[in-house]
Amino acid sequence: MTNANTTLPPERLLELKDVNVQFELREGTVRAVNGVSYHVNRGEVLGIVGESGSGKSVTVRSIMRLLPKNTSRDDGSILFQPEAGKQIQLDGLPSKSRKIRELRGDAIGMIFQEPMTALSPVHTIGTQIMRTILLHRNCSKKEARERAIELLRKVQLPRPEQLVDNYPHQLSGGMRQRAMIALALSCDPVLLIADEPTTALDVTTEAQILDLLRELQAETGMSIIFITHNFGVVADIADRVAVMYLGQVVETGTVDDIFYNPQHPYTRALLQSVPRLGQAPVHRLKTIPGMVPDPFNVPKGCSFNPRCEFAVQGTCNVEVPPLVRFSDDQQARCHFAGKLPEEVA
Amino acid sequence: MTLEATAASGEPEVKGREEDLYTAKPWTLIWWRFRKHKLAVASLVFMIILAITAIFADFISPYTPFSFNRLNTFAPPSIVRIIHDGELQRPFIYAVKRKRDPETARVLYEEDRKKVLPIEFFVKGQPYKFLGLVETETHLFGVNDRKQEINLLGTDSLGRDLFTRLLYGARVTLSAGLIGVAFSFVLGLALGSIAGYYGGWWDSGIQRLMEFIRSVPTIPLWMGLAAALPVAWDPLFVYVLITIILSLIGWTHLARVVRGRFLSLRTEDYVLASRLCGASEYRIVTKHMLPAMTSYIIAAMTLAVPEMILGETALSFLGLGLRPPVVSWGVLLQDAQNLRSISLAPWLLSPGIAVVLVVLAFNFLGDGLRDAADPYGH
Amino acid sequence: MLGFIVRRTLWAIPTLAFVSFISFVIIQLPPGDFVTAYVAQLRNGGEYVTDIEEAMMRAQYGLNDPLLVQYWRWISAIIFHGDFGRSLEWNAPVSDLIWDRLALTLIISTLSMVFTWIIAIPVGVYSATRQYSFFDYIFTVFGFLGKGIPDFLLALILMWVAFIWMNLDVGGLISPQFEGKPWDSAKIINMLSHIWIPLVVLATGGAAGLIRVMRANMLDELRKPYVETAYAQGFSERTVVWRYPVRVALNPFISTVGWALPALFSGDVITAVVLNLPTTGPLLLQALKMQDMYLAGSFILILSVFTVIGTLVSDILLAWSDPRIRYS
């Protein structure tokens with residue numbers, strides 16, 4: 001299964017092939033990530049959309065090798081190419097290994113969902129940023145502090161010289177998330193993983209944080225994996241999108257492909273449940289029938305089949321659908337991809 | 001705009017056991033969750049057995065707690081055997097012979113391997129009033145002999161049967177713990193709910209008081225209060241006062257739990273909803289808030305019992321709590337206070353082991369209940 | 001921060017007045033008073049005291065005055081002259097009896113507390129980071145046993161074990177032959193051979209509880225997102241654990257340092273009684289039993305004062321260690 005010998009094309013920053021993650025819980029085995037493949041190119045923003053429990057966060061944690069202790073299966077290939085020609089195999093690295101620790105916080109930065117609790121409550125913002133800089137960069141404490149102030153300025157926090165000595169609880173939610181971004185950027189990462197960074201924020205703050213991320217991305221040329229459950233946010237920031245359902249990527253494509261020409265019934269259903277301008281006035285938005293199946297017994301065949309309005313008994317609930325490729329970038333995992341009836345706009 | 005809301009809005013499809021899970025009443029859920037906690041279930045069984053034994057102590061024990069026997073002082077525990085001369089028999093003990101060590105003049109007991117005393121059930125013995133009501137002479141078990149005794153845990157310096165005294169002591173010690181908890185429950189519930197419900201000035205005042213009581217070392221405080229009780233008072237009255245003293249200090253823990261639950265429940269939407277519906281304060285507290293914290297309170301009370309028991313034991317051990325002729329585990333342990341008696345008669349420590357077992361059982365039980373208290377949590 | 005300290009210190013003053021009054025009430029609580037007890041003592045000694053003489057003595061000591069007046073006399077003597085009154089039983093000023101025992105109590109308590117911390121914190125951290133491992137189970141069992149076994153029982157058992165198997169007579173702090181002799185190396189060695197039992201007893205009892213608290217705190221903290229953030233910065237496990245969650249989990253401990261102050265002063269009374277240690281605890285017990293009320297009341301007063309100061313110290317330490325409280 002591993003393709004350690006594959007050489008990534010130079011524009012490729014990260015490539016996941018057939019990644020699987022399982023957890024052992026008291027109630028049984030959870031197949032959290034079930035053969036996920038996607039890639040990130042240099043300077044690109046990849047949006048990952050999915051409901052909670054679809055495995056989007058677990059997948060990025062397997063990139064960071066930050067899987068919980070009860071992980072029972074963790075395989076597939078994860079290749080990372082921080083600079084052209086220098087390829088690192090991340091899969092199989094133990095969480096504690098020196099190799100991955102050197103990448104974390106340095107080449108790969110990560111932002112988390114809860115800015116309220118993701119920063120240590122008993123250390124100042126400055127201390128937390130400085131520790132990361134001192135860990136990865138060979139510099140004096142004074143230089144690290146200056147760099148920390150510089151970073152806080154970069155994320156557009158007011159009075160960075162003062163804020164550097166403040167504790168997280170003295171900052172508002174939006175400011176904390178900015179500080180979190182500054183922490184993630186402290187060593188100029190080539191890849192920034194943002195795990196629902198705006199979910200806990202109100203809408204205006206969310207827009208500001210998205211603006212900031214876009215600016216920073218344009219300025220530094222880093223790549224971003226942006227995880228969200230909000231299609232609006234994806235449209236706002238991403239270049240390409242991967243839609244996940246029950247531990248699988250069901251469709252990938254450029255933002256335009258996904259929004260204007262969705263091929264997977266799940267993507268379609270999701271989009272229909274979101275109000276859009278120019279839509280014919282309807283009384284109710286469509287909902288997806290049924291509930292997300294519990295992760296202990298994923299349906300046979302296509303995992304979406306019990307809730308799919310196009311499902312055909314005998315096919316969809318028996319065979320696992322293949323990945324159908326449409327264009328260079330768009331792929332969908334459905335028996336009837338490309339053959340679905342036209343959307344009624 | 002979010003997916004979570006749209007996706008979850010379908011009809012739930014649940015079947016079989018899962019359906020039970022959705023429709024089960026809270027107490028059923030608590031019981032299911034508690035059942036998973038093996039140690040807690042074992043502790044519950046142990047406590048129930050102990051409670052029954054204590055209630056029927058007079059019937060189960062072979063003797064009465066005050067019947068002394070000058071010829072049977074410091075007798076070691078009788079060993080229950082089933083094999084005599086290589087043959088299987090009904091459970092029996094050997095008779096013992098009392099001797100004196102010629103050098104040290106200490107009394108020694110030696111088993112007489114020839115004389116078999118079978119253990120019999122429903123034997124006639126010393127008269128007592130069953131549950132304080134019916135005069136009877138029947139004991140659950142014993143040996144049929146005029147001179148020999150069965151002492152499962154040996155005897156003390158006056159030749160009193162320690163097993164009997166341990167069972168009678170269980171009555172006093174356990175009930176002191178329970179009554180103490182009941183008192184502290186009243187105090188804790190009242191003050192805790194005032195602090196949690198009204199908040200503000202009341203809350204900070206009660207909080208400070210609780211902090212202070214908690215930070216005073218308990219034993220000296222207990223000692224101070226207990227020493228204020230006159231020596232000459234009726235032992236039963238002293239017993240009640242001691243439990244009150246224990247609860248005067250023990251209520252803080254309960255009050256803290258109640259206060260914390262009140263604080264978190266006060267902001268719950270359903271409480272706000274009932275207020276909007278025009279429910280009276282009294283109704284909100286009794287019908288909506290108290291039921292939501294019953295399981296927590298029960299767990300906290302269970303965890304408070306061992307502290308009371310340890311307190312009673314410690315005070316009585318020091319001679320400040322219950323005094324003879326009242327029999328409690330602490331009083332029994334007074335006999336085991338010095339090295340000489342322990343090395344002479346190690347079985348005098350057995351009330352201590354009983355204390356340890358009961359304290360552990362209550363702790364396990366409380367831990368299990370606390371884990372099960374919130375059946376909707378994870 | 002300064003404002004906080006000043007505010008809290010000011011709060012402590014009415015509290016101190018209150019607890020001193022309570023201590024005095026406790027002194028007064030038992031039926032009879034100082035003179036009753038004193039006269040009873042004299043009569044037991046064979047002296048003849050008339051009721052009139054008794055009443056005169058009562059007037060002389062001002063025992064007929066209202067409670068508040070008596071309280072003021074008692075507390076002003078303590079504040080302005082350091083005079084705690086006389087111990088009836090010892091027939092000596094209370095202050096002469098207390099201070100040398102206090103020093104010894106402080107030594108034993110402090111040592112045992114240090115031992116407790118040295119054992120409990122690393123073990124608690126280990127148990128939490130290696131949850132459900134073999135040693136975690138061992139420590140959990142140890143913790144439960146430590147919680148269930150009363151200190152005095154542990155002391156008794158250790159004493160018995162030391163006596164039976166090691167043939168050591170471990171009661172008291174020094175062997176009788178050294179009593180009243182000047183401190184030399186032999187006496188110190190002799191004391192060290194005695195002091196380990198109280199230390200083991202006190203540290204075991206304390207550590208068992210602390211391990212459980214530390215483990216629970218650590219388990220709570222390890223689940224918090226900031227720990228994952230720290231891992232995502234590339235720190236090693238040891239750095240992450242000791243720099244972040246341990247630092248937060250220690251807060252409640254730091255705050256209890258102050259609360260340990262009254263406990264340090266009183267020592268563990270029961271252990272001290274069982275082991276026959278010349279600390280403050282047994283003296284207090286004796287005073288309470290004999291209704292030697294000035295001695296007992298002074299103890300309770302000093303204990304309460306230590307408690308108030310300890311709470312103050314705790315609050316300040318907590319504010320210092322946890323910025324969330326400092327700025328709220």
Side-chain angles (χ1 to χ4, degrees), chain A residues 57 60-61 63-70 94-124 127-136 165-170 176 179-180 183-184 186-187 189 192-193 195 200, chain C residues 1 4 121 125-137 214-215 217-255 316-328:
Chain A
S57 294
V60 293
R61 275 172 179 69
I63 301 173
M64 288 292 268
R65 313 307 300 154
L66 284 173
L67 294 169
K69 279 176 188 165
N70 55 352
S95 172
K96 292 175 195 164
S97 68
R98 182 168 290 272
K99 215 169 172 182
I100 188 68
R101 288 208 330 254
E102 281 169 359
L103 290 177
R104 284 183 203 151
D106 190 2
I108 310 178
M110 190 157 174
I111 320 172
F112 295 89
Q113 178 175 353
E114 286 287 336
M116 299 296 176
T117 48
L119 291 167
S120 162
V122 292
H123 299 96
T124 60
T127 315
Q128 298 185 48
I129 299 180
M130 280 160 64
R131 280 182 177 172
T132 307
I133 299 170
L134 289 170
L135 178 72
H136 296 291
D165 291 320
N166 277 20
Y167 290 91
H169 66 96
Q170 293 169 286
R176 256 182 251 187
M180 184 76 228
L183 176 64
S186 43
C187 296
L192 179 69
I193 298 177
D195 186 1
Chain C
M1 187 74 188
F4 178 83
I121 290 169
V125 172
Y126 176 90
S127 267
T129 49
R130 302 273 180 277
Q131 201 187 2
Y132 304 134
S133 68
F134 174 71
F135 280 106
D136 179 32
Y137 279 115
M214 187 70 195
R215 179 174 180 271
N217 284 352
M218 276 300 287
L219 284 176
D220 275 355
E221 292 302 326
L222 283 172
R223 280 190 211 110
K224 299 250 172 95
Y226 70 85
V227 177
E228 194 176 30
T229 309
Y231 275 115
Q233 303 309 312
F235 295 115
S236 67
E237 189 187 4
R238 197 195 309 170
T239 318
V240 171
V241 168
W242 284 96
R243 267 196 197 167
Y244 295 91
V246 171
R247 176 70 181 72
V248 183
L250 274 180
N251 278 346
F253 286 90
I254 295 171
S255 69
I316 292 170
L317 279 175
L318 192 63
W320 168 75
S321 69
D322 193 336
R324 285 170 296 184
I325 292 171
R326 195 185 317 159
Y327 293 100
S328 66

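Small disclaimer: the values here were computed from a predicted structure and weren't measured. Letters go in sequence order (proteins before strands), and every chain restarts at 1.
- Rounded to the nearest 0.5 Å, atoms NZ (K69(A)) and OG1 (T129(C)) are 6.5 Å apart.
- The minimum heavy-atom distance linking Q233(C) with H136(A) is given by the pair O-NE2, 2.8 Å.
- Pairing each heavy atom of P225(C) with each of A118(A), the nearest pair is CB-CA, 4.0 Å.
- For a residue to count as touching a neighbouring chain, one of its non-hydrogen atoms must lie under 4.5 Å from one of that chain's; by this rule R98(A) does not touch chain C.
- Taking both residues in full, the closest heavy atoms of Y244(C) and S120(A) are given as CD2-CB, 3.5 Å, listed atom of the first, atom of the second, then distance.
- Note: E228(C) CD to M110(A) CE = 5.5 Å, rounded to the nearest 0.5 Å.
- Contact record, Y226(C) with L119(A): CB-C, 3.5 Å, taken as the closest heavy-atom pair.
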Practice prompt. For the pair F235(C) and R131(A), evaluate side chain to side chain contact (heavy atoms under 4.5 Å, CB included) and give the outcome as yes or no after the intermediate values.
Written response: CA-CA 9 Å; F235(C) 295 115; R131(A) 280 182 177 172; 3.6 Å; yes
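- With a 4.5 angstrom heavy-atom cutoff, L183(A) touches chain C via backbone and side-chain atoms both.
- Contact detail for H123(A) and R243(C): the closest heavy-atom pair is CE1-O, 3.2 Å.
- Heavy atoms only, all atoms of each residue included: A232(C) and F112(A) are closest at CB-CZ, 4.0 Å.
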